[in-house]
Number of protein chains: 2
Amino acid sequence: MSNPLPVLDVTATPCCAPLTRSPIGESDAERVAAMFKALGDPVRLRLFSNVASAEGGEACVCDIQDVGVSQPTVSHHLKKLREAGLLESERRGSWVYYRLAPSALRVMSDLLSPVST
Amino acid sequence: MSNPLPVLDVTATPCCAPLTRSPIGESDAERVAAMFKALGDPVRLRLFSNVASAEGGEACVCDIQDVGVSQPTVSHHLKKLREAGLLESERRGSWVYYRLAPSALRVMSDLLSPVST
DNA sequence: ACGCTGTTTCGATGGTTGTCGATGTCGACA
DNA sequence: TGTCGACATCGACAACCATCGAAACAGCGT
């Protein structure tokens, strides 16, 4: 568990300049699009927000799974969020806790930052 | 043209608090996810960045369509970006110019802003 | 060892999406 | 009016995806 498929290692590269600064390159676009795509589903967005706004910065699946779909579907979406590098998970006892990946938010926020100056 | 399908009127509501602040609601999630989804494709992300980084804040299709797919596909993706409320278009003479929707960037950036405080 | 609860994986299915070539539309310019 | 160039739409197809129920897996308590 914990991070079986870190397809995107967000922490590795701060990644590219803001989208407004210069045209994003082909390979960067691939990596970044995967992150936005992960947030491009209402269920995943709510799960992400549930984790992001949780007390102590983390939450177990049982605390966030009330999003209107079956439990296996919740697990499926959490896996997608993990693979996109947005969430990390860790098993403690019976429960699996999810927290934000360290720099995920900043990377995306920076990419979308309006004109800067 | 210009905006045949403003499915999401971004300018209307500043929309919800940052995702880290409180769990996003069901209907807000629907609207916001559509925006992220639009950026969740490498081709669309490059088109968006090409427009966003263009001189004068706008560009005609002919200037940004070099993203490795056919012309109909480019047009298809630009339509998606329009429908998501991220881009606006306007015909002037022979050419169609695209520019960023006014508050699109700020809305998304704010949603992803890390912990504020 | 057994059952219980929380979580993930599996297999199937219906719907969505990215892509293309062909065709249509609109404006410019002879 | 006719043609050309810039974009958009249409129709089709393959690939992908969200969702579910069923089954497997992992700890915990008894």
**Q.** Whether S22(B) side chain and A17(B) backbone form a donor-acceptor pair below 3.5 Å
**A.** no
Q. In whole angstroms, how far is the P atom of dC17(D) from the NZ atom of K79(A)?
A. 13 Å
Q: Would you check if the side chain of S53(B) reaches a backbone N or O of T20(A) as a donor-acceptor pair within less than 3.5 Å?
A: no
Q. Could you state the CG-C1' distance from L81(A) to dT8(C), rounded to the nearest angstrom?
A. 15 Å
(Q) Quick test of your reading: applying salt bridge (Lys or Arg N to Asp or Glu O under 4.0 Å), list the pairs with at least one residue in residues 65-75 of chain A, sequence neighbours left out, ordered by first then second residue. (A) none
Q. Among pairs that include at least one residue of residues 28-90 of chain A, which meet disulfide bond (SG atoms under 2.5 Å apart), considering only residues two or more places apart or in two chains?
A. C60(A)-C62(A)
Q | Within residues 60-78 of chain B: residues closer than 4.0 Å to DNA chain C (heavy atoms) | A | V69(B), S70(B), P72(B), T73(B), H76(B), H77(B)
Q) Is there a path of hydrophobic side-chain contacts, each under 4.5 Å between heavy atoms of I, L, V, M, F, W or Y residues, that connects L100(B) with V107(B)? A) yes
Q: Give a yes/no answer on whether the side chain of Y98(A) brings an N or O atom under 4.0 Å of OP1 or OP2 in dT8(C).
A: yes
Would you mind writing out the side-chain donor-acceptor pairs for residues 36-47 of chain B within the sub-3.5 Å range, not counting sequence neighbours?
{"from": "D41(B)", "atom 1": "OD1", "to": "V43(B)", "atom 2": "N", "distance (Å)": "2.9"}
{"from": "D41(B)", "atom 1": "OD1", "to": "R44(B)", "atom 2": "N", "distance (Å)": "3.2"}
{"from": "R44(B)", "atom 1": "NE", "to": "A38(B)", "atom 2": "O", "distance (Å)": "2.7"}
{"from": "R44(B)", "atom 1": "NH1", "to": "H77(B)", "atom 2": "ND1", "distance (Å)": "3.1"}
{"from": "R44(B)", "atom 1": "NH2", "to": "K37(B)", "atom 2": "O", "distance (Å)": "3.4"}

Q) Heavy atom of residues 40-54 of chain A under 4.0 Å from DNA chain D: which residues? A) D41(A), V43(A), R44(A)
Q. Can you pull the disulfide bond (SG atoms under 2.5 Å apart) pairs that have at least one residue in residues 63-113 of chain B, sequence neighbours excluded?
A. none
Q: Return the set of residues passing side-chain contact (heavy atoms from CB on, under 4.5 Å) with S70(A) (not counting sequence neighbours), or none when no residue passes.
A: P72(A), T73(A)
**Q.** Short side-chain N/O contact to dT17(C) OP1/OP2 from K37(B), under 4.0 Å
**A.** yes
Q) Whole Å only: how far is the CH2 atom of W95(A) from the C1' atom of dT8(C)? A) 17 Å
Q: Mind calculating the distance between CZ (R91(A)) and P (dT7(C)) to the nearest angstrom?
A: 8 Å
Q. When the C1' atoms of the five terminal pairs at each end define the local axes, what inter-axis angle does the helix from dA1(C)-dT30(D) to dA30(C)-dT1(D) show, to 10 degrees?
A. 20°
Q: Measure from CZ on R82(A) to C1' on dT7(C) and round the result to the nearest Å.
A: 10 Å
Q) Phosphate oxygens OP1/OP2 of dA18(D): is one of them under 4.0 Å from a side-chain N or O of K80(A)? A) yes
Q: Could you please spell out the steps behind the side chain to side chain contact (heavy atoms under 4.5 Å, CB included) verdict for V32(B) and C16(B)?
A: CA-CA 9 Å; V32(B) 172; C16(B) 17; 4.2 Å; yes
Q: Among residues two or more places apart or on two chains, list those pairs meeting side chain to side chain donor-acceptor pair (under 3.5 Å) that have a residue in residues 54-64 of chain A.
A: E58(A)-R92(A)
(Q) Taking side-chain contact (heavy atoms from CB on, under 4.5 Å) as the definition, give me every residue that meets it alongside N50(A), ordered by chain and number, with sequence neighbours left out. (A) I64(A), V67(A), P23(B)
